[in-house]
Amino acid sequence: MKRTLSVGLVGAGLIALTLTGCVPNNAGGTAVSVAIADDACDVSTDTTESGAVTFELSNSGTDVNEFEILAEDKLRIVGEKENVTPGQTVSYVAQLEPGTYYTACKFQLIGSPIGLAEFTVTGDATAVDADAAELNDAAVTNYIAYIRSQVGELIPAVAALTTAYAAGDDETARGLFAQTRAFYERIEPTAEAFGDLDPKIDYREVDAVAEGLDWTGFHRIEKDLWPPAQGDLNSDGTSAFLDWAPSTTEERAAFAAGLVADTQQLHDLVNADDFTVSVADISNGSIGLLDEVASGKISGEEDWWSGTDLTDFQANVQGAEVAFGNVEAIALSKGDDGKRLVADIQTEFDALDALLAQYGSIDDGFVDYATVTDAQRKELSDQVNALSEPLSQLTALVLGE
């Protein structure tokens, strides 16, 4: 049985295949060489013409590696070749439209991209006339790659966070907390599809208590790192010290180990051979991520003690935008209605991104959400709603309903 998720996101901007023998010519006539090592990903050129682009990948490193082509947002994967083994040379062909991309490698298939470099494709755009099945297959393939990439980066980030937390190095752990969560928040609906995994990783205290669950995961760690003062209240108005006390050293070790184990389980599930998504999952997941913003981030309830809600907010929006970008080619193939809807959605994404940028960024940090006024929160909420309206029409369009 296939494991099918009611989640979404994916990329249909590229159709790729892998060859082990013959190397077809690029539009420019020459294959692009990629020298892969454990700590390097050197691409022989930073520009090529649109069309079928051949990358010749050679791994001189000590372990398995992968090659990725990312969209301009440096998040959405539009093509990848996994499992390039030491000593192997393999050719990978990608159909690329004009635009700005980024190339990178990923040592042992986990962690942050290595050798991230801008890659420009020039020339003429290809008319969107590909068979619908090809567009859908590309969307599913590339979204699964995106999910796996984000979880691959989540694993070492959680390891660093929990190591500092368990050791009592709260200053370091506080500095890692928000950025670590971003990898999870971009793909949050994926974990939610796996039964009790999301509650173990990401439940807030008030939700765990309401459902009679053991409270573990990110937010349990958060409260230890930003401990309340006497008289402080939980987000539901109860005392912050009701059935809670700062974790002991032994409890910290247990919570740290639990989060490591749970994120590793997520990694194993999304890398299973039977893991899949549908185009509807992808499209619906985009609006689902905006729902995450509306249900917890706008109110400030999500990161109640740390005030890092805007990082989660931005990560949810990035995930939603990746999802949209991955089904954009399908939408454009639907004619004038698709073109109008794509333009409307992109306009609202741009407006929301610009609004969030006034408060910081994931890389540089955001302001404490407690400093964001009610009027500013309403402005953010209004823009989320403005985006949600056209985005809610996307699934029906891409499914042709």
(message) Evaluate T120 against T47 for side-chain hydrogen bond (donor to acceptor under 3.5 Å, both in side chains), listing each step before the verdict.
(response) CA-CA 5 Å; T120 303; T47 185; 5.2 Å; no
(request) State whether the number of non-hydrogen atoms from other residues, nucleotides or ligands found under 6.0 Å of E72 atom CD is greater than 12. (result) no
(message) Are more than 12 heavy atoms, taken from residues, nucleotides or ligands other than D124, located less than 6.0 Å from that residue's CG atom?
(response) no
Report the distance from atom [atom1] of [X] to atom [atom2] of [Y], rounding to the nearest 0.5 Å.
{"X": "D202", "Y": "L197", "atom1": "CG", "atom2": "CG", "result": "10.5 Å"}
{"X": "S149", "Y": "L75", "atom1": "OG", "atom2": "CG", "result": "8.5 Å"}
{"X": "S247", "Y": "K223", "atom1": "OG", "atom2": "NZ", "result": "10.0 Å"}
{"X": "R148", "Y": "L154", "atom1": "CZ", "atom2": "CG", "result": "15.5 Å"}
{"X": "N65", "Y": "S60", "atom1": "CG", "atom2": "OG", "result": "9.5 Å"}
{"X": "T100", "Y": "D73", "atom1": "OG1", "atom2": "CG", "result": "11.5 Å"}

What heavy-atom pair brings [X] and [Y] nearest, and what distance separates the two atoms?
{"X": "F366", "Y": "L356", "result": "CE2-O, 3.5 Å"}
{"X": "I298", "Y": "Y369", "result": "O-OH, 2.6 Å"}
{"X": "N83", "Y": "V64", "result": "CA-CG2, 3.3 Å"}
{"X": "L341", "Y": "P390", "result": "CD1-O, 3.4 Å"}
{"X": "I77", "Y": "A145", "result": "CD1-O, 3.3 Å"}
{"X": "A104", "Y": "L116", "result": "CB-CD1, 3.9 Å"}

(request) Kindly determine whether W305 and D232 satisfy side-chain contact (heavy atoms from CB on, under 4.5 Å), including the steps that lead there. (result) CA-CA 10 Å; W305 303 110; D232 284 348; 4.1 Å; yes
Tell me whether [X] contacts the main-chain N or O of [Y] through its side chain, where contact means a donor paired with an acceptor under 3.5 Å.
{"X": "R76", "Y": "A323", "value": "no"}
{"X": "D236", "Y": "V206", "value": "no"}
{"X": "N234", "Y": "S239", "value": "yes"}
{"X": "T141", "Y": "D137", "value": "yes"}
{"X": "R174", "Y": "W226", "value": "no"}
{"X": "S381", "Y": "R377", "value": "no"}
{"X": "S333", "Y": "I330", "value": "yes"}
{"X": "T216", "Y": "K200", "value": "yes"}
{"X": "T308", "Y": "T311", "value": "no"}
{"X": "Y101", "Y": "E97", "value": "yes"}

Side-chain contact, heavy-atom cut-off 4.5 Å: [X] with [Y]?
{"X": "I144", "Y": "T276", "value": "yes"}
{"X": "V34", "Y": "C41", "value": "yes"}
{"X": "F107", "Y": "D39", "value": "no"}
{"X": "F177", "Y": "T172", "value": "no"}
{"X": "H219", "Y": "E205", "value": "no"}
{"X": "E348", "Y": "L352", "value": "no"}
{"X": "L269", "Y": "V151", "value": "no"}
{"X": "Y165", "Y": "L259", "value": "no"}

Lys/Arg N to Asp/Glu carboxylate O, [X] vs [Y], below 4.0 Å:
{"X": "K81", "Y": "E66", "answer": "no"}
{"X": "D374", "Y": "K378", "answer": "no"}
{"X": "K74", "Y": "E321", "answer": "no"}
{"X": "E185", "Y": "K297", "answer": "yes"}
{"X": "R204", "Y": "D303", "answer": "no"}
{"X": "D170", "Y": "R252", "answer": "yes"}
{"X": "D337", "Y": "K334", "answer": "no"}

Do the side-chain N and O atoms of [X] and [Y] include a donor-acceptor pair separated by under 3.5 angstrom?
{"X": "Q88", "Y": "N59", "value": "no"}
{"X": "T89", "Y": "S58", "value": "yes"}
{"X": "E389", "Y": "N385", "value": "no"}

(message) I'd like to know whether E211 forms a side-chain hydrogen bond (donor to acceptor under 3.5 Å, both in side chains) with Y203, so could you lay out the CA-CA distance, the side-chain angles of the two residues, the decisive distance to 0.1 Å, and finally the verdict.
(response) CA-CA 10 Å; E211 296 185 27; Y203 255 28; 2.9 Å; yes
(request) Just say parallel, tilted or perpendicular for the rings of F275 and F194, cut-offs at 30° and 60°. (result) tilted
(request) For the pair F55 and Y92, name the ring-plane relationship: parallel under 30°, tilted 30 to 60°, perpendicular over 60°. (result) tilted
(request) Decide yes or no on salt bridge (Lys or Arg N to Asp or Glu O under 4.0 Å) for E153 and R186, but give the supporting numbers first. (result) CA-CA 12 Å; E153 294 193 57; R186 292 184 186 118; over 6 Å; no
(request) Take D353 and Q314 through the side-chain contact (heavy atoms from CB on, under 4.5 Å) test and state the conclusion after the steps. (result) CA-CA 8 Å; D353 288 337; Q314 179 70 83; 3.8 Å; yes
(message) Please determine whether side-chain contact (heavy atoms from CB on, under 4.5 Å) holds for the pair D198 and Y184, giving the CA-CA distance in whole Å, both sets of side-chain angles, and the decisive distance to 0.1 Å.
(response) CA-CA 10 Å; D198 178 68; Y184 186 83; 2.5 Å; yes
(request) Dump the intermediate steps for side-chain contact (heavy atoms from CB on, under 4.5 Å) on E49 and V121, then the final yes or no. (result) CA-CA 5 Å; E49 294 181 19; V121 177; over 6 Å; no
(request) Show the numbers, then the answer: is there a side-chain hydrogen bond (donor to acceptor under 3.5 Å, both in side chains) between S295 and D291? (result) CA-CA 6 Å; S295 65; D291 288 343; over 6 Å; no
(message) Checking salt bridge (Lys or Arg N to Asp or Glu O under 4.0 Å) between R181 and each of E222, E302, E188, which is the one that passes?
(response) E302
(message) E292 vs N316, test: side-chain hydrogen bond (donor to acceptor under 3.5 Å, both in side chains). Steps then yes/no.
(response) CA-CA 7 Å; E292 293 287 347; N316 282 159; 5.8 Å; no
